[in-house]
Amino acid sequence: MKTINLILCLLMLPIIIPAQEIGKDAVVAPVKMNVLYRGLANPIEIAVPGITSDKVTASITNGTIKKVKNGWEVSPGDQSESVVTVLVNNKKVSEKFFRVKNVPDPIAVFAGKYDGSIPKDIALKTEVLEVELKDFDWDLKFTVKSFILLCTNGKSDFEEISNGNRITDKMKSLIADCKVGQNIVFKDIKAIGPDGRSRDLNPVVLTLK
């Protein structure tokens with residue numbers, strides 16, 4: 001899991017409150033676009049130059065923040081923004097606003113594909129329907145909880161449900177009955193991510209070749 005780094009540096013905060021007892025100002029300088037994600041323990045780093053970590057505390061609106069072994073963790077709430085406040089010896093030295101977002105939806109893939117064509121022998125060998133989270137900095141795991149396979153043999157449509165991510169024996173039989181040039185469709189795909197939310201994912205439409 002990659003870290004969202006928040007570094008407290010000198011002379012960078014739009015709103016600066018002098019910490020006269022230490023002769024320095026502290027700031028929050030975000031690196032990852034001021035975003036916290038719901039349902040995740042967002043790792044952050046907090047440091048005030050010249051001040052030992054035992055004298056630095058922090059609070060947050062719309063969520064919780066706690067000190068952990070390698071820094072801090074923030075778990076935001078349901079509102080659209082949070083404010084992190086940094087204190088030294090219980091006196092505020094800095095605060096920073098952050099946007100709060102849901103983790104984006106992943107896409108469903110079958111044998112690494114979500115559209116286009118697929119060799120029939122590869123389709124028959126593929127055992128699971130998977131999900132991918134593209135263009136996102138976090139390495140998160142999503143699990144397919146259920147889906148429907150729709151196949152046509154040229155005369156009729158056939159559907160089969162899987163209560164998990166695995167391709168059932170019945171589904172393999174349906175794929176085997178399809179001819180080259182016909183479509184197999186995975187639809188009504190439901191997946192759960194680390195935030196515990198159930199998500200309806202994109203259908204996967206593939207043409208056998």
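Cluster membership for I184 and V128, using ILVMFWY side-chain heavy atoms within less than 4.5 angstrom, is not shared. Transitive grouping of hydrophobic side chains (ILVMFWY, heavy atoms separated by less than 4.5 Å) keeps F186 and V205 in distinct clusters. Cluster membership check: L206 does not share its hydrophobic cluster with I148, using side-chain heavy-atom separations under 4.5 Å among Ile, Leu, Val, Met, Phe, Trp and Tyr. Residue F158 is not grouped with residue V204 when hydrophobic side chains (ILVMFWY) are merged at heavy-atom distances under 4.5 angstrom, including chains of intermediate members.
Proximity of T143 to K145: side-chain heavy atoms (C-beta onward) are separated by under 4.5 Å at one or more points. Residues I189 and V131 are not in side-chain contact: their nearest non-hydrogen atoms beyond the backbone lie 4.5 Å or more apart. Two residues are said to be in side-chain contact when any heavy atoms from C-beta on lie closer than 4.5 Å; L149 and I167 fail this criterion. Residues V86 and V56 meet the side-chain proximity criterion, which asks for heavy atoms closer than 4.5 Å. Side-chain contact check for L201 versus K190: every heavy-atom pair is 4.5 Å or farther apart. The closest side-chain heavy-atom distance from L40 to L140 is below 4.5 Å.
Rounded to the nearest 0.5 Å, atoms SG (C151) and CD (Q182) are 9.0 Å apart. Note that the OG atom of S82 and the CZ atom of R99 stand 12.5 Å from one another [nearest 0.5 Å]. Expressed to the nearest 0.5 Å, how far CZ of R197 lies from CG of N102 amounts to 4.5 Å. A distance of 11.0 Å separates CD in E81 from CG in L36, rounded to the nearest 0.5 Å. Atoms CD1 and NZ, on I46 and K96 in that order, are 13.5 Å from each other to the nearest 0.5 Å. For the atom pair CD of E159 and CE of M171, the computed distance is 10.0 Å after rounding to the nearest 0.5 Å.
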Begin with the C-alpha distance, continue with both residues' side-chain angles, and end with the deciding distance and a verdict on side chain to side chain contact (heavy atoms under 4.5 Å, CB included) for V100 and R38. CA-CA 7 Å; V100 177; R38 294 186 186 92; 3.5 Å; yes
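Considering all non-hydrogen atoms of both residues, P76 and N42 come closest at CD-ND2, 3.4 Å. Contact detail for E160 and L174: the closest heavy-atom pair is CB-CD1, 3.8 Å. For the pair W72 and I65, the tightest heavy-atom approach, listed with the atom from each and the gap, is CE3-CG1, 3.8 Å. Of all non-hydrogen atoms in F147 and R166, the two that sit nearest each other are CZ-O, 3.6 Å. Taking each heavy atom of V48 and V88 in turn, the nearest pair found is CG2-CG2, 4.1 Å. The two atoms that bring R199 and F142 nearest to each other are NE-CE2, 3.6 Å, heavy atoms only.
For the pair E127 and K172, the salt-bridge criterion is met [side-chain N within less than 4.0 Å of a carboxylate O].
Enclosure of atom CG in D157 by more than 12 non-hydrogen atoms of other residues, nucleotides or ligands within 6.0 angstrom is indicated. Heavy atoms of other residues, nucleotides or ligands lying less than 6.0 angstrom from CD1 of I161 number 12 at most. Annotation for K125: atom NZ does not count as buried by contact number, only 12 or fewer foreign heavy atoms lying within 6.0 Å. Shown here is D78, whose CG atom has no more than 12 heavy atoms of other residues, nucleotides or ligands within 6.0 Å.
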Atom pairs and distances, side-chain donor-acceptor, residues 107-122, under 3.5 Å, sequence neighbours left out:
unit_1: K113; atom_1: NZ; unit_2: S117; atom_2: O; d: 3.4
unit_1: K120; atom_1: NZ; unit_2: A176; atom_2: O; d: 2.8
unit_1: K120; atom_1: NZ; unit_2: C178; atom_2: O; d: 2.5

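Ring geometry for Y37 versus F136: interplanar angle over 60°, hence perpendicular rather than tilted (30 to 60°).
In this structure N202 satisfies the side-chain hydrogen bond (donor to acceptor under 3.5 Å, both in side chains) test with no other residue, sequence neighbours excluded.
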